[in-house]
Amino acid sequence: MADLNLVTANKVNVGTITVQQHTFVAGEAITAGAPVYLKGADGKVYNSDADLAGANTLWGVATRTVAAGEAVTVVRRGLLDGFDLSALNYGAAVFVSNTGGRLADAAGTASLKVGTVVPAMATTRGTAFDKILMVEVNNDAA
Amino acid sequence: MANQVEYGLFQMIDQGLLNPNTLANVADSGLLVSGILYDVAQHNADVGAVLRLFAQDTTDYQTAVEQTGAARNQPLDENGRSIPIKPVAPYTVAFPIQGSGNAWGANFVARAQMTVRDMARTFSRMYRGDYEWVVDHVLGAIFANASYAVQDPTGKGSLTVRGLANGDTTNYYFTTTGQTGTDTHYLAQAGAISDAANPYPTIKSKLTEHPDNGGEVIAFVPTNAVSTTQGLAEFNSAMIDPDVQLGANTDRLTGNLNLTLPLGASVKGKTDSGVWVVEWPRLPSDYIVGVTTQGPRPLARRQFAQAELQGFRAAGTRDSWPYFEEQWHRWEGYGAFNRVGAVVYRVNSGTYTVPTGYTMPMA
């Protein structure tokens, strides 16, 4: 399992066709692109962690870097760009990592699928399609 | 008062009519709209420069291409009557049509912060993407040496799209022999261009031997074939700079092709055999494309009949707070029309194959 990095630190691009998103208050510092879960006790979002009890659930992916107490929009279904997905195949699944607040190319201790790698096809002929993340969190992961 | 001279967005910035750092939502909207419309018109002109040489427009999904046939007067005496002759049977060609497009979008903050320069750069990139798509498909249709099937989106079922003459059973009329026969316009030579292996006389004859092709013969040459072409004994350099005198005992090309060329293309000269040589860096290495300036175009561009579905245009917007996007699209397709109206000549390989990345159908 390898954690996925952002191409540019603290920057994800939100596709304008996000289908489902919500804006929460961050319960702790969260980095752009981090998987987050919704804590039942306070209604805030925290970094998901596939091998940490209590954090091994998923609501969606944070769209910006925030400090605790700041607002953060989280995408549950929609397109996000900005991850280095070059090592993954198109259609590959992306999961919550065993590293808190990170995505990974394979399932962690808890298998929490974040979405799949899809092509972005505005590249010129002869150039491989770009790879972006289609976030598709199902209800079971919440 | 409206400008007497029209400018695009970048020209307006250069002329000082628009401050590039001005927010787009507070800049003179009339100037912005005028600039965008000018840029669209210029973009369509750039696309038109390619299409004018290679494609003519149609809204038909399929057509029969008429052509001249062989004939000779029948001998008669005072009681004789000629037997009525009929025109040569046309050949049928079909044309695909497919959608393409691009979009720009922003959240409401980014949109409010968008400057005139941001807007100009975004639109410029979209126009470039559209130009690339058109040229890809024009060249793909030219390079296709085998017919292929497409499923028509308008309910016409499976259509067979054809390339140039490729040795198939279709007959064409040859002025050189006065006869009809099969032909192939996909050629190849194993070696580089040289006086012993000069493709240009062949390119010219392959085009001019058919009566429908007229005007000037142009060979669009990839960059990697320019130097070997210029090394030909029959090559005459164009006078690129009128201030520069060529050396003594050098033939000088004084004529002018007088034609709007595709972006990046430039006239290099003309051969004694009568072929204008135009470098077009857009071509894949080793592939020369020959056309004539008059006569039916080698391709047809199929579009929808409705004006709002023609060309590259803003198709719609989606305003889903906090996101906004504007979609631009182009719906059209290319297939061979005058199947002897162009020649593709591959050098440095003895076998013609479709260049990498140009296999049809193409997305």
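Heavy-atom basis, side chains included; hydrogens, waters and symmetry copies ignored. Just so we're on the same page: letters track the sequence lines, and every chain starts at 1.
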Checklist line | B:Ala106, part contacting chain A, at a heavy-atom distance under 4.5 Å | finding: backbone
Check: What are the two closest heavy atoms between A:Arg125 and B:Gly357, and how far apart are they?
Finding: CD-O, 3.2 Å
Item checked: B:Thr356 versus chain A, the contacting section by heavy-atom distance below 4.5 Å -> backbone
Check: What do you reckon, is CZ of B:Phe108 surrounded by more than 12 foreign heavy atoms closer than 6.0 Å?
Finding: no
Next item on the list: Examine whether an atom of B:Arg318 lies under 4.5 Å from a heavy atom of chain A, and if so say whether it belongs to the side chain, the backbone or both; otherwise answer neither.
Entry: side chain
Notebook entry, point to check: chain A: which of B:Asn102, B:Asn107, B:Asp136 shares the most heavy-atom pairs with it under 4.5 Å?
Noted result: B:Asp136
